[in-house]
Chemist: 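Below are the structure tokens for one structure; questions will follow.
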Number of protein chains: 2
Amino acid sequence: MKPKIDDVARLAGVSPTTVSRVLNDRGYISNETKEKVQDAMAKLNYFPNDIARSLYTKRSNLLGIIMPTTSNPFFGELTFHLESICASLGYKVLLCNSLNQKDKEKKYLDMLMRNQVDGIIVGTHNLGILNYQKQNLAVVSIDRYLSETIPVVSSDNYEGGKLATELLVRKSCEHIVLIDGVKEIEKSYLRREAYIDTLDKIGKTPIIYEIPEVFNVQSQQEIIENIFSEHPEVDGVFATNDIFAASFITAAKRYGKKIPEDIKVIGYDGTETVRTVLPDLTTIRQPIEMIAKEAINILLKEIEGEFTDPLHETKLPISLIEGSTT
Amino acid sequence: MKPKIDDVARLAGVSPTTVSRVLNDRGYISNETKEKVQDAMAKLNYFPNDIARSLYTKRSNLLGIIMPTTSNPFFGELTFHLESICASLGYKVLLCNSLNQKDKEKKYLDMLMRNQVDGIIVGTHNLGILNYQKQNLAVVSIDRYLSETIPVVSSDNYEGGKLATELLVRKSCEHIVLIDGVKEIEKSYLRREAYIDTLDKIGKTPIIYEIPEVFNVQSQQEIIENIFSEHPEVDGVFATNDIFAASFITAAKRYGKKIPEDIKVIGYDGTETVRTVLPDLTTIRQPIEMIAKEAINILLKEIEGEFTDPLHETKLPISLIEGSTT
DNA sequence: CTGAAAGCGCTTACAG
DNA sequence: CTGAAAGCGCTTACAG
């Protein structure tokens, strides 16, 4: 059916070896034979079979990307940048949306192993899973501490949390609430830590609301509404992502609160999407493209075996974008 | 390095054939040998090599997904659903972000062919490219007419455009502007057609603004600002996606226009993200998950060779979500 | 119920 | 400058 290297060889009147040579531009071949082969390939509309190739070379040029979900703008944009950079470097991307579910992550991981990926980029937050089978598999994590041997690329979460909280303090907020994801074991929740530390320094008590999953709009709303009954005095909100911030603003409006007059709100992430759809939102912008670049950079070094520091952690700079919600 | 089937066979004291049998649960094997083999696999932490497998079976179980960019919430969510469904069916996804650039699409297409994908899902809009090499490759398109032989899955764009325009008319808008993407050759711009037809019916003249690329925020803003100088009488806007709608609302605020009092605005798509971040926006919601399901459904039929109607076109129902911008 | 052999479509030493 | 042969890690008729 599909033409293979033998078909090309026969048509060009050379050996399969020679065809392979012109395919890979390897060893010496006369221009004459080269042209004959190329003509034959064009005539047959020949495509080399990368599967056969990687079986021999043991290099798939395949990278796995495990994200919670590309539905979320942060991960959607991150995935876009990761894939684009991979493509420009000749790597192909196997996409996995784990929804942060442990069983799915495990399945995906198995799948990626079976498919002989050269490396994996993880943006998901389950722990321990990676360890037991990390048999010389190159892995890089984005924003999550997964294990001692996996390098982490993130933006400066502590600094971001500090900037956000300090802004609210500077704007004279007296009762600053943090809306965060659920605190997991072993994870360094730096944004939250910075919030706590900053309030501590001026003798204020943290008020923290945890939202179980970014991806369930219902429960998100309910928890946020609790803020108004439990802490009606709230006049400042730091949400650790823009989606939480937007949800809070929606709820606040329903409760007749004016933003920023009654309550000041700052989010986190600063994705293109949210900055276009809700340009008023004050937020801490993460350098998403830079994070993607750095993650791939490190992963490729691991793949090439150049990487030696397993405790490596990269912190990229964030920036404050002031809108009109503060 | 990595254990292979021979290693498992040796440790279990059987032939590679037998190992393959328990791997694929195929043919008769005694429970005893089965257990021996499974023990050996566990002991060696063996993962079958899917690359070798698909070289023989000529089935990669790989699907290509070509989208403009997962940064855009519509395509981000679509990609999430597509990939999730694929995973649940045992298919793996090779992700491609083409940014609608012809050269990139061509490269991605070549890559997918070389990787022996079983099929391709296309959400990108370049034409003609697919034809010349569509040698029995299963393809399904989402929302774009690509060629006569490629089935299209979309929501009911004409009905959506009609609903949107009629709503504005019903709300007594006199000067309704359409903000749309650039009109391409050969493409049936049904949302636009519905807008034109609906205005026609009541004797109004269409006013259309075209925005070259969804993905360039700068030029988007400039073109939208032109509306206010060229058509200051505008009191209704139908944007063919929510991002355009949001951009217009931002610009309108800057020009001191009140939404919906001065100008009513309706968008299109109704993604989870935009409905969370900007819940006030009136929009036409596309059934994204259903689109994904149907596309995969059709693609799998093509792959199985069951598909016979190349002119196939699926139109899924849309729904109007009224917020407070109309 | 189990195994030896051939083959999937490539690539790469090794000869010449 | 070019080719024959072996092998990448599997699977599958075909025997037994």
Chemist: Taking the side chain as every heavy atom from C-beta outward, state whether A/Ser20 and A/Ile5 have any pair of such atoms under 4.5 Å apart.
Modeler: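 Yes; the side chains approach each other to less than 4.5 Å.
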
Chemist: How many whole angstroms separate atom CG of B/Asn49 from atom C1' of D/dG9?
Modeler: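 It works out to 6 Å between those atoms.
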
Chemist: Do the side-chain N or O atoms of B/Asn24 get closer than 4.0 angstrom to the phosphate oxygens (OP1, OP2) of D/dT11?
Modeler: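 True: B/Asn24 side-chain N/O within range (under 4.0 Å) of D/dT11 OP1/OP2.
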
Chemist: Send over the distance from B/Glu32 CD to C/dC1 P, rounded to a whole Å.
Modeler: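 So the two atoms are 12 Å apart, to the nearest Å.
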
Chemist: Taking the side chain as every heavy atom from C-beta outward, state whether A/Ser98 and A/Lys107 have any atom pair closer than 4.5 Å.
Modeler: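 A/Ser98 does not reach A/Lys107 side chain to side chain.
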
Chemist: Does any N or O in the side chain of B/Asp7 come within less than 3.5 Å of the main-chain N or O of B/Lys4, such that one atom is a donor and the other an acceptor?
Modeler: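 Looks like yes, one N/O pair under 3.5 Å.
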
Chemist: In whole Å, I'd like the distance from the CG atom of A/Asp50 to the C1' atom of D/dC8.
Modeler: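 The answer, rounded to whole Å, is 15 Å.
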
Chemist: Please determine, for C/dA13, whether a Watson-Crick or G-U wobble partner exists with both distances under 3.5 Å, and give it or none.
Modeler: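 Matched C/dA13 with nothing under the 3.5 Å cut-off.
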
Chemist: Using only side-chain N and O atoms of B/Thr57, determine if any of them is under 4.0 Å from OP1 or OP2 of D/dC10.
Modeler: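 No, outside the criterion.
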
Chemist: Tell which nucleotide pairs with D/dA4, taking only Watson-Crick or G-U wobble pairs whose two distances are both under 3.5 angstrom.
Modeler: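 Paired with no nucleotide.
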
Chemist: Take atom CG of A/Asp7 and atom P of C/dC8, then tell me their distance rounded to the nearest Å.
Modeler: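 These atoms are roughly 11 Å apart.
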
Chemist: Has A/Thr18 got a side-chain N or O lying under 4.0 Å from the OP1 or OP2 atom of D/dG3?
Modeler: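 So the side-chain polar atoms of A/Thr18 do come within 4.0 Å of the phosphate oxygens OP1 or OP2 of D/dG3, strictly under.
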
Chemist: C/dG3, C/dT11, C/dG9: which one has an atom nearest the side-chain heavy atoms of B/Val14?
Modeler: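 Taking heavy atoms from C-beta onward, the closest nucleotide is C/dG3.
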
Chemist: What nucleotide, of D/dG3, D/dT11, C/dC10, holds the atom closest to the side chain of A/Ser15?
Modeler: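 Looking only at heavy atoms from C-beta outward on A/Ser15, the closest nucleotide is D/dG3.
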
Chemist: B/Arg10 has an atom CZ; how far is it from atom P of C/dG3, in whole Å?
Modeler: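 In whole Å, C/dG3 P lies 14 Å from B/Arg10 CZ.
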
Chemist: Counting only side-chain N and O atoms of A/Thr17, is one of them less than 4.0 Å from OP1 or OP2 of D/dG3?
Modeler: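 No, outside the criterion.
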
Chemist: Any side-chain N or O of A/Lys58 less than 4.0 Å from the OP1 or OP2 oxygen of D/dG9?
Modeler: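 For A/Lys58, the contact criterion (side-chain N or O under 4.0 Å from OP1 or OP2 of D/dG9) is met.
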
Chemist: Measure CZ/A/Arg21 against C1'/C/dG9 and give the value in whole Å, please.
Modeler: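 For the pair A/Arg21 CZ and C/dG9 C1', the rounded distance is 17 Å.
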
Chemist: To the nearest Å, how far apart are A/Asn61 CG and C/dC10 C1'?
Modeler: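 The distance from CG of A/Asn61 to C1' of C/dC10 comes to 15 Å, rounded to the nearest Å.
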
Chemist: If you apply the rule side-chain contact (heavy atoms from CB on, under 4.5 Å), what do you find for A/Asn115 with B/Lys92, and how did you get there?
Modeler: CA-CA 10 Å; A/Asn115 283 276; B/Lys92 301 156 273 184; 3.0 Å; yes

Chemist: Out of D/dC14, D/dC10, C/dG9, which nucleotide sits closest to the side chain of A/Leu55?
Modeler: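 Nearest to the side-chain atoms of A/Leu55, counting from C-beta on, is C/dG9.
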
Chemist: Using atom CD1 of A/Ile51 as one end and atom C1' of D/dT11 as the other, report the distance to the nearest whole Å.
Modeler: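 It is 15 Å, rounded to the nearest whole Å.
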
Chemist: Is it true that B/Arg10 and B/Asp6 have a side-chain N and a carboxylate O under 4.0 angstrom from each other?
Modeler: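 Between B/Asp6 and B/Arg10 there is no salt bridge, as every charged N stays at least 4.0 Å from the carboxylate O atoms.
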
Chemist: Using a heavy-atom cut-off of under 4.0 Å over every strand shown, decide if A/Ser54 touches base, sugar-phosphate, or nothing.
Modeler: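 Nothing, no nucleic acid heavy atom in range.
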
Chemist: Assuming nearest nucleotide by heavy-atom distance, tell me which of B/Ser30 and B/Tyr56 is located more 5' along DNA chain C.
Modeler: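 The residue closer to the strand's 5' end, by nearest nucleotide, is B/Ser30.
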
